[in-house]
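Bear in mind that the values here come from a model prediction, so they are computed numbers and not experimental data. Counting starts at 1 for both ligands and their atoms, in listed order.
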Amino acid sequence: MEKSAYKELKEKLFSSKKNGYDLIQEQDLDVMEDYCTRYKAFLDASRTERLCTKETIRLAEQAGYKPYVRGMALQADDKVYLCNRGKAVMLAHIGQKPLSEGVQIVAAHIDSPRLDLKPNPLYEENELAYFKTHYYGGVRKYQWVTLPLALYGVVAMKDGTKVEVNIGGEAGDPRLVITDLLPHLGAAQNKKPLGEAIPGESLNILLGSRPIGGEDEAGRVKLSVMQLLHEKYGITEDDFNSAELEAVPAVDACDVGLDRSLIGAYGHDDRVCAYAALKALLDLQKAPQKTAVCVLADKEEIGSNGVTGMQSAAFDGFMEDLCATQDVPLRACFENSFCLSADVTAAYDPNFPDVFEKRNEAYINYGIGLCKYTGARGKSGASDADAETVAYVRQLFDEAGVIWQIGELGKVDAGGGGTVAMYMANRNIRTLDAGVPVLSMHAPFETVSKLDCYETYKGMKAVFHAEK
Ligand code: MN
Ligand code: MN
């Protein structure tokens, strides 16, 4: 075979995945940079699911979205949102086609791994005051010590009012911290497996050290802390019983790398996909063909349970209400709908090649990463999208010039993970996972690539613009 013929045949038959920087259009680079600047600002305003919900609604209202009220008449091009208990949001841009032809959904989650305060958190030990915590989601406990922390959340009072707490969130605020052992005394700890070196019960947040009152009094530092909290928020110790207070890293989103090609931040999982979905929806200039729906769910990190999670009937209720405006049965809408389950995936990390299967991983700068299935072992816990659905997305992305890749989350039997995909698929909505590849996922400071963030946004735009 001639050399040129051989080359031609190879080009025709072999996969041609390339680094996204060899594919992206020059004029796209500025747009990408602008997109990422907005994303970083969104992250800094969205450090908890409640704050993220608030920021989402602010942006949606700016784009002309109105709160949905049951019974409201809706027509093509109407834009509505429904806030689920301040912790999750569903948005819809009504399309030209009837809901019986299905809707185009992008579902992401806005909760991230963190340290929640226990119901009785405050105590004093050796004249230092602390909060007891209970970690939320899959955290590697050793990563959460000696890190500046901020505390956000709400205290729900018996009279129905709510107090919003923000400690360490503003410049000049004090930060909180969990201490760790000094290496000089770490010999025994060093011998423990990584997962056991920092036990969950030692993740206690240091709050203060300065006592008040006379030297013969007990609990003087705890009282001082409680006094400060009472002055600022009007709460007493029992009010912690009905509070949701979340300790998160007090670190702003920033560029990473000399070339500024990456973004480091807390909570990329999964606000990086949530923002892409939201922005793609808000950027729709006119009524899409099919109704575009964006779901930003809570509780994914602990199994999507509860009233604000993706398993909640809140989503079905919202969709049923939309369908009722057109006398369409919900089941008819769902069976014709498509959902992109937008969640992050693991990026191949050259520092840890052992857990990855390099022919089937998502790579930094190779674009949005599709996952046909997640799960563990024999795909357990995955909805495993059918080949037809993957083909549908391939076509959609290629047509829109989206840079994308497809892979798995690590080696077979190395571990695994899950997303909201199965809960959407269980509703008889064809669903595929796709999202941004992340380095050090679930760490207090995760890293993603700007190109992948931008291509994910483009992918979601393609989903909302789809005609069939
Ligand atoms: Mn996730
Ligand atoms: Mn996660």
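- Here D316 pairs with R427 in a salt bridge; the nearest charged N to carboxylate O distance falls below 4.0 Å.
- For D269, the N, O or S atom closest to the Mn ion (ligand 2) goes by the atom name OD2.
- Note on E301: its N/O/S atom closest to the Mn ion (ligand 2) is OE2.
- Classification of R70 and D321 as a salt-bridged pair holds, one side-chain N sitting under 4.0 Å from a carboxylate O.
- We find that K279 and D283 are joined by a salt bridge, their nearest charged nitrogen and carboxylate oxygen being less than 4.0 Å apart.
- Centred on the Mn ion (ligand 1), the NE2 atom of H109 and the OD1 atom of D343 lie at an angle of 100°, reported to 10°.
- Classification of the Y275-Y35 ring pair by plane angle, with boundaries at 30° and 60°, yields tilted.
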